[in-house]
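This report refers to the structure that appears directly beneath it.
This structure is a prediction, so every number in the text was calculated from the model and none was measured. All values below come from the heavy atoms of this structure, side chains included, with hydrogens, waters and symmetry mates left out.
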Amino acid sequence: MRTLRRAAITTALLLAAAGLHVIQSGAAQAALPTAAVALGDSFVSGEGAGDYQPVVDANGTAQGFPGWSAPNNNAYFCHRSANASLFKADLPGIQDRFNLACSGGQPHDVANASSARANGRTVKSQLDQLRAVAQTHDIDVVLIGLGSNNTQFTFGDVATLCANRFIADAWTGWWEFWAYLGGDVPQEPCTVSDLASPAEVTTATDETTAALRQILDTLAQVDADGVHQVVLQTYTNPLPLDVAPQYRDEDGRTDTRDKFRDLGAERYAAGCPIHRASLAPGHVFSSNLGDLVKNVYTTLAAERPAANLRVLDVQRAFDGARLCENPGSPSGTLATPVRVMEGPTGNHVTSLSGWDKIRIQRAANACVTYFQTCQESWHPNAAGHNVLGQCLSGALTAATRTVVTCARNANGTLTIS
């Protein structure tokens, strides 16, 4: 990056000596401090990593924590963490870092204020925020995590669907569904088609591609020297393909039977309230998200062969450290467990042992009304974002300019290739 910048300055000086008029965007702005920027959704904003910083809203006011009973659209609930991967990566030559991503961020939010859509938060478009950074900094690194939320599906909805089905199955007998609920409360494991159909993934890919074009176009307009690396990050599944043996049955009941409350409470405490049969479809879903990002890259790389664009594939970055993959979960994992509050109290519920279905339903309703009370669930935690930061460091120095894979080894080290 530095060599290219010096070359641009030298060229400008030679042209000026020849008597040609030069717009000295490269030379005049070369002294700007360098910056790395994160754009996109919760997997790069730092959701789940804690230490959330105030977020400037659409009116220019920095919103600190407003209390759990505040409206979910409050800018603060973008949850931009000081522990996000952007801040944990080793980025030589980068002087400042800006987290512009937003929990729940969608392709729509790239060029439009998030509040202009349903359930959006009160922040400016991410491009407007990017332009503001470019006024004072030379943007050299751009990390983008986009695709898990769109007009077709959202990660939060998918996670809620599968967890709620498990909880309903665990606490409510089949006869109660018919006697009291009319038999219309889903309790079966999630299938691939429940999570995202091929048509939905195609539409989501198109939306994400269009948003990425807007980002690249804007960078070409505002970057001080036109030299920047863009990294498109995929997603990693917080859950394993199967749970450890101690989470498979409890008190003689498995999740293939009717009403398994002890097992339900055990899995909730461990952070993985989900049917074992839902795990494989969940991995198909996360793999499809990875393919979505790679397909976006393929399209844009063909359109813009000179762009410094690459994919950071982190689908295996949490191997061996996912929720319920080992004894003692959620301790030692790289993802946050599912946690709800019984109302907007500020106290997360860590155990459902002894709860009846009415109390559980009340907590589930609190999550719906005040989604911010449970939105950290099934996201990378601080340790997970530290791993993702290492992956980002490796992606920026890797020789390949296509797809860089970051995989966790059995001993906890990472292989980046």
Check whether any side-chain heavy atom of [X] sits under 4.5 Å from a side-chain heavy atom of [Y], and report yes or no.
X	Y	result
R117	N112	no
L39	V110	no
R121	C102	yes
V37	L143	no
T208	L292	yes

Q.
Pair T151, Q106 - check side-chain hydrogen bond (donor to acceptor under 3.5 Å, both in side chains), show working.
A. CA-CA 8 Å; T151 63; Q106 298 190 14; over 6 Å; no

Q. Do the ring planes of F43 and H379 sit parallel (below 30°), tilted (30 to 60°) or perpendicular (above 60°)?
A.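 The rings of F43 and H379 sit tilted, inter-plane angle from 30° to 60°.
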
Does this structure show an ion pair linking [X] with [Y], if we count only N-O contacts that are shorter than 4.0 Å?
X	Y	value
D262	R253	no
R213	E303	yes
D128	R131	yes
D57	K124	no
R304	D217	yes
R276	D242	yes

Q) Will you find, in the side chains of H228 and D223, an N or O donor that is under 3.5 Å from an N or O acceptor? A)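 H228 vs D223: donor-acceptor pair found between side chains.
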
Q. With distance as the sole criterion, is a donor-acceptor pair present between the side chains of D194 and T191 under 3.5 Å?
A.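 Short answer, yes.
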
Q: Taking the six-membered ring of Y268 (Phe, Tyr or Trp), confirm whether the NZ or CZ of R339 is under 6.0 Å from its centre and within 45° of its axis.
A: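 Yes, a cation-pi geometry holds between R339 and Y268.
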
Q: Given salt bridge (Lys or Arg N to Asp or Glu O under 4.0 Å), test R316 with D319 step by step and report yes or no.
A: CA-CA 5 Å; R316 294 192 52 211; D319 280 5; 2.7 Å; yes

(Q) Atom CG of residue position N409 - does it have more than 12 heavy atoms of other residues, nucleotides or ligands inside 6.0 Å? (A)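 Atom CG in N409 is packed in, count exceeds 12.
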
Q) Rounded to the nearest 0.5 Å, how far does NZ of K294 lie from OG1 of T205? A)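 Between atom OG1 of T205 and atom NZ of K294 there are 13.0 Å.
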
Q.
Closer than 3.5 angstrom, by distance alone: can the side chain of Q95 be matched with the main-chain N or O of T34 as a donor-acceptor pair?
A.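 Flag set: sc Q95 to bb T34 pair under 3.5 Å.
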
